[in-house]
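These notes concern the structure reproduced below.
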Amino acid sequence: MAVRWTTAVLDTNLAGGWAVARCREGFLVDDNGALFARDWLKRQELDVAFEHGIGHFDGQPVYLLELNSAQTVAGCSWRGLRQFMLEGDFDTYKILGYAAQIGTWAREHRFCGSCGQAMTQVHLERAMYCQPCDLRSYPRISPSMIVLITLGDEILLARSPRFVTGVYSTLAGFAEPGESAEDCLVREVREEVAIEVQNIEYVGSQCWPFPHSMMLGFHAEYAGGEIVMQADEIEDAQWFRVDALPPLPAGRSIARYLIDLYVARRLGLPEPVLPR
Ligand SMILES: NC(=O)c1ccc[n+]([C@@H]2O[C@H](COP(=O)([O-])OP(=O)(O)OC[C@H]3O[C@@H](n4cnc5c(N)ncnc54)[C@H](O)[C@@H]3O)[C@@H](O)[C@H]2O)c1
Ligand SMILES: [Mg+2]
Ligand SMILES: [Zn+2]
């Protein structure tokens, strides 16, 4: 299948192409979606903080207009990135996920973290630059591990107080400096449910642009210990049989994929495909 979306650093001085507009409220959408003819969009008197050339979709250049505030555009509304993750075209979600990460990063790196002076966008490179410090800041990605722990026909799922009511998911957590993904896995599992795991196997990864995680997905087997839930982080954690599962995370999440994959293998069903 042809790849429809590829990232690139494009010259914003050139005219034409598509553009997406983003502010705190989300992305601008009309009946055709979130991609607008760029020259038209730039005539709409939007309060543009930055413009970035972000890639090609079906061979056409795509730009991001990062706005300071939401404005009213006739026939348009604002839609959050999560909504695009949950439903609609996956290529559009990929474009917008990338746009959101670039927009957030550029906004949060306007000033040098070392000397405090204004940084500038490096021409045709995805970096912000401080001349006095000769310092480049690149887009931030936060590696996070996510793991499905299993014991035969049972899988361990937990809920955070932040989850949608009733939904249970796999355990996850951000890697800390000095850790491998496997170290992180063992530490997070101990912190969140106080059990031990064995036979850790890497399954796959997924970009998670909320706001800049890179999910590294694993499977692990239960090795010992009793569940003790981490105060504040874990509201409930239980073993569930693969044929009696609670409400699960969104279909496109790697959490859901790890669960569906294991369940499919246990029950002899067709294996799911990881959206990435
Ligand atoms: N795609 C998926 O299926 C899926 C599923 C579960 C979690 N996730 C994502 O995984 C990530 C980690 O999961 P979690 O929320 O359970 O993490 P976690 O267990 O490490 O706990 C969250 C806490 O980590 C700290 N934190 C926040 N940002 C951080 C960062 N960049 N680096 C280090 N520590 C940070 C904060 O104290 C926060 O309260 C989150 O981005 C979450 O959205 C994705
Ligand atoms: Mg966690
Ligand atoms: Zn500096």
Side-chain angles (χ1 to χ4, degrees), residues 81-82 85 94 97-98 100-102 104-105 108-109 113 137-152 154-164 167-240 242 245-246 248-263 265 272-276:
L81 183 59
R82 241 167 227 283
M85 183 272 291
K94 292 280 285 187
Y98 183 70
Q101 288 192 239
I102 297 307
T104 302
W105 158 76
E108 293 176 355
H109 290 79
S137 288
Y138 296 95
R140 171 175 41 171
I141 300 171
S142 302
S144 309
M145 81 74 213
I146 180 159
V147 59
L148 178 70
I149 302 169
T150 66
L151 176 59
E154 294 192 315
I155 68 177
L156 180 67
L157 299 176
R159 328 190 353 97
S160 135
R162 301 183 291 272
F163 287 4
V164 175
V167 169
Y168 282 75
S169 186
T170 50
L171 301 180
F174 292 100
E176 292 182 358
E179 285 184 333
S180 65
E182 290 82 358
D183 290 340
C184 170
L185 188 161
V186 169
R187 174 184 55 74
E188 285 284 345
V189 170
R190 282 183 185 151
E191 283 176 8
E192 295 191 347
V193 291
I195 65 168
E196 299 300 319
V197 293
Q198 62 189 0
N199 298 333
I200 296 168
E201 271 183 12
Y202 176 71
V203 177
S205 69
Q206 180 181 59
C207 156
W208 193 245
F210 303 102
H212 38 66
S213 291
M214 150 79 89
M215 305 309 301
L216 305 169
F218 292 85
H219 171 246
E221 290 173 359
Y222 170 80
E226 289 296 318
I227 295 174
V228 181
M229 291 178 285
Q230 183 181 21
D232 302 329
E233 284 293 315
I234 304 294
E235 188 176 273
D236 191 27
Q238 293 181 36
W239 292 98
F240 293 93
V242 289
L245 296 174
L248 299 174
R252 285 175 174 170
S253 65
I254 191 169
R256 180 61 174 268
Y257 171 76
L258 293 171
I259 297 166
D260 287 352
L261 179 65
Y262 187 75
V263 169
R265 287 181 178 169
V273 175
L274 173 60
R276 56 183 162 198

The side chain to side chain contact (heavy atoms under 4.5 Å, CB included) partner of Val203 among Leu258, Leu148, Val147 is Leu258

For Asp260 and Tyr257, indicate whether the former's side chain and the latter's backbone hold a donor-acceptor pair under 3.5 Å. no

CH2 on Trp105 to OG on Ser137, rounded to 0.5 Å: 7.5 Å

With a 4.5 Å limit on heavy-atom distance, are the side chains of Leu156 and Val189 in contact? no

Atom CD1 in Ile149, atom CG in Asn199: separation rounded to 0.5 Å? 12.5 Å

Heavy-atom closest pair, residues Arg187 and Phe174: NH2-O, 3.1 Å

Under a 3.5 Å distance rule, please check whether Glu154 uses its side chain to pair with a backbone N or O of Trp239 as donor and acceptor. no

Check whether any side-chain heavy atom of Pro139 sits under 4.5 Å from a side-chain heavy atom of Gln101, and report yes or no. no

Going through the distances and angles, do Tyr168 and Gln238 end up as a side chain to side chain contact (heavy atoms under 4.5 Å, CB included)? CA-CA 9 Å; Tyr168 282 75; Gln238 293 181 36; 3.4 Å; yes

Closest non-hydrogen contact found for Phe163 with Ser169 is CE2-CB, 3.6 Å

Distance-only, no hydrogens or angles: does the Arg159 side chain make a donor-acceptor pair with backbone N or O of Val164 under 3.5 Å? yes

Distance from Glu182 atom CD to Leu216 atom CG, nearest 0.5 Å? 9.0 Å

So Ile141 and His212, side chain to side chain contact (heavy atoms under 4.5 Å, CB included) or not? Walk me through it. CA-CA 5 Å; Ile141 300 171; His212 38 66; 5.6 Å; no

Any idea which heavy atoms bring Ala250 and Arg256 closest together, and the distance? O-CB, 3.2 Å

Would you check if the side chain of Ser213 reaches a backbone N or O of Met215 as a donor-acceptor pair within less than 3.5 Å? no

Do Glu179 side-chain atoms and Glu176 backbone N/O form a donor-acceptor pair below 3.5 Å? yes

For Ala172 versus Glu192, what's the shortest heavy-atom pair and its separation? O-OE2, 3.2 Å

Could you grab the distance from atom OG of Ser144 to atom CZ of Phe210, nearest 0.5 Å is fine? 13.0 Å

Which heavy atom of Leu81 sits nearest to which heavy atom of Pro209, and what is that distance? CD2-O, 3.7 Å

Testing the basics here: between Ala237 and Val193, what is the closest heavy-atom pair and its distance to 0.1 Å? CB-CG1, 3.8 Å

Pairwise distance CG(Leu171) to CD1(Ile195) - rounded to 0.5 angstrom: 7.5 Å

Aromatic rings Tyr262 and His219: how do their planes relate, parallel, tilted or perpendicular, breaks at 30° and 60°? parallel

Surrounding CG of Asp232 (heavy atoms of other residues, nucleotides or ligands, distance under 6.0 Å), is the total greater than 12? no

Check each of Val242, Ile254, Leu157 against Ile259 using the side chain to side chain contact (heavy atoms under 4.5 Å, CB included) test, and report the only one that passes. Leu157

What do you reckon, is CD of Glu226 surrounded by more than 12 foreign heavy atoms closer than 6.0 Å? no

For Gly217, is there any backbone N or O sitting under 3.5 Å from a side-chain donor or acceptor partner on Gln206? no

Can a donor-acceptor pair be found, under 3.5 Å and without considering hydrogens, that links the side chain of Arg252 to the backbone of Pro275? no

Measuring from atom CD1 of Ile155 to atom CG of Leu248, what distance do you get when rounded to the nearest 0.5 angstrom? 7.0 Å

When you look at Glu233 and Arg162, which way does the salt bridge (Lys or Arg N to Asp or Glu O under 4.0 Å) test go after all the steps? CA-CA 9 Å; Glu233 284 293 315; Arg162 301 183 291 272; 3.7 Å; yes

